[in-house]
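What follows is a single structure, written as structure tokens, with notes after it.
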Amino acid sequence: MLLLNTLFALALSTADPVGFIGLGIMGQGMARRLLSLPRPLHVWSRNHEVTKAIAAQYPGMITIAASPAAVIDACERTYLMLSTPEVCEEVYTMESGVLEGCRPGKAIIDCATLRPEDMASLGERVRARGGSFVEAPVSGSKAPAANGALIFMCAGDKATFEAAEAELGVMGKKSVFCSETVGAATQMKLVVNLIMGTQLVALAEGLVLADKLNLSSKDVQAVLDQGAMASPMVALKGPLMAKHDYSTAFPLKYALKDMRFALSLEEAPELPVSAAATALYAAADDEGGLGDADFCAVMEAARGAIGEKREC
Ligand code: NAP
């Protein structure tokens, strides 16, 4: 054991550091996965308590940087997992922010779910400073982030994507390079989340009907799990929705954000079913105050516990 620890410490001391910015629900799991490479990690996150707590769990492996620019300064590649376009804009452009750290030899890999045009704009500004840029939004939630089972959809600088193979490999089970044009991966991510959000509403409405019919939710779940609709999401969220357990893995406000982004894509045709599903998330967020709950709290809107709002 002592020998193993010594070898691990030696490997760590000679390895290049990797950067991580944004230690929220997803970022915490992803950053922990990167440590297993093993690589020293330089991190910055707004919430210093979270950063200190993680650093304390991995003595000698994590450097808490004073700013986003300081993370980038210390690392060849820096991953970002922030929340919204507004937050990304703030962290990129603030004093000692992301853009200030960018220069030739520095790569930014942004994993947030934004609009394609947000990613394109961030990428252009990173490149204008000589850095390279890959957008890498993910499919998968809190548990897949912690277990290294995310699916990365990537676009941008191909050489950076290839250089990041080991890091993406330890955080995810699959990485798809969509295009050298930034925005294409985000388009794919928004399509995936539109399907996911709409599918979850269909499950919620089915469970509501089953309840009205006094059917056993356990029996309904058992049938679903054995049939053609079986999926990890149905298996995970069905039992939670049946007992109204909305412990947060994917905040409902972010599911709503993504569905609105998808519906507002320039190329989007009329998508009436997806639009109706989005309206239920909007009701759960606006009227139900459930934005910070898990997105399966859309169940409350589906069962009519929240208003009759139908506009998204
Ligand atoms: P989250 O838990 O809300 O974390 C967001 C991160 O952004 C936190 O580190 C947060 O810092 C930081 N942040 C927020 N406002 C900030 C500000 N004004 N200045 C600086 N930092 C700020 O979100 P998440 O669930 O990890 O999701 C991150 C992204 O991944 C989102 O775009 C989401 O749509 C996407 N995504 C999420 C999931 C999921 O299941 N959760 C799955 C796939 C994709 P604080 O801790 O200080 O608030």
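Indexing begins at 1, ligand by ligand and atom by atom, following the structure's order. Remember, it's a predicted structure, so these values are computed and weren't measured experimentally.
Ligand 1 places these atoms under 4.0 Å from at least one heavy atom of Phe250: 37 (C), 38 (C), 39 (C), 40 (O), 41 (N).
Taking any N or O of Ser141, backbone or side chain, at least one lies under 3.5 Å from an N or O belonging to ligand 1. Among the atoms of Ala249, some N or O lies under 3.5 angstrom from an N or O of ligand 1. Looking at ligand 1, you'll find an N or O of Leu23 within less than 3.5 Å of one of its N or O atoms. Considering backbone and side-chain atoms together, Arg46 places an N or O closer than 3.5 Å to an N or O of ligand 1. Taking any N or O of Tyr254, backbone or side chain, at least one lies under 3.5 Å from an N or O belonging to ligand 1. Residue-to-ligand polar distances place Ile25 within reach of ligand 1: an N/O pair is separated by less than 3.5 Å. At under 3.5 Å, a nitrogen or oxygen of Met26, whether backbone or side chain, sits near a nitrogen or oxygen of ligand 1.
Below 30°, between 30° and 60°, or above 60°: for Phe20 and Tyr79 the angle between ring planes is below 30°, a parallel geometry.
Taking 4.5 Å as the limit, every side-chain heavy atom of Thr248 sits out of range of all side-chain heavy atoms of Tyr254.
To the nearest 0.5 angstrom, Lys189 atom NZ is 5.5 Å from Met196 atom CE.
Ligand 1 is approached by Lys257 to a heavy-atom distance shorter than 4.0 Å. Heavy atoms of Gly140 approach ligand 1 to within less than 4.0 angstrom.
Remark: atom 28 (C) of ligand 1 lies closer than 4.0 Å to at least one protein heavy atom.
For the 3.5 Å distance criterion, the side chains of Tyr92 and Asp110 qualify, holding a donor opposite an acceptor. With no hydrogens or angles considered, a side-chain donor-acceptor pair links Asp245 and Ser247 at under 3.5 Å.
When heavy-atom distances to ligand 1 are checked against a 4.0 Å cut-off, Lys253 has no atom that comes that close, whether in backbone or side chain.
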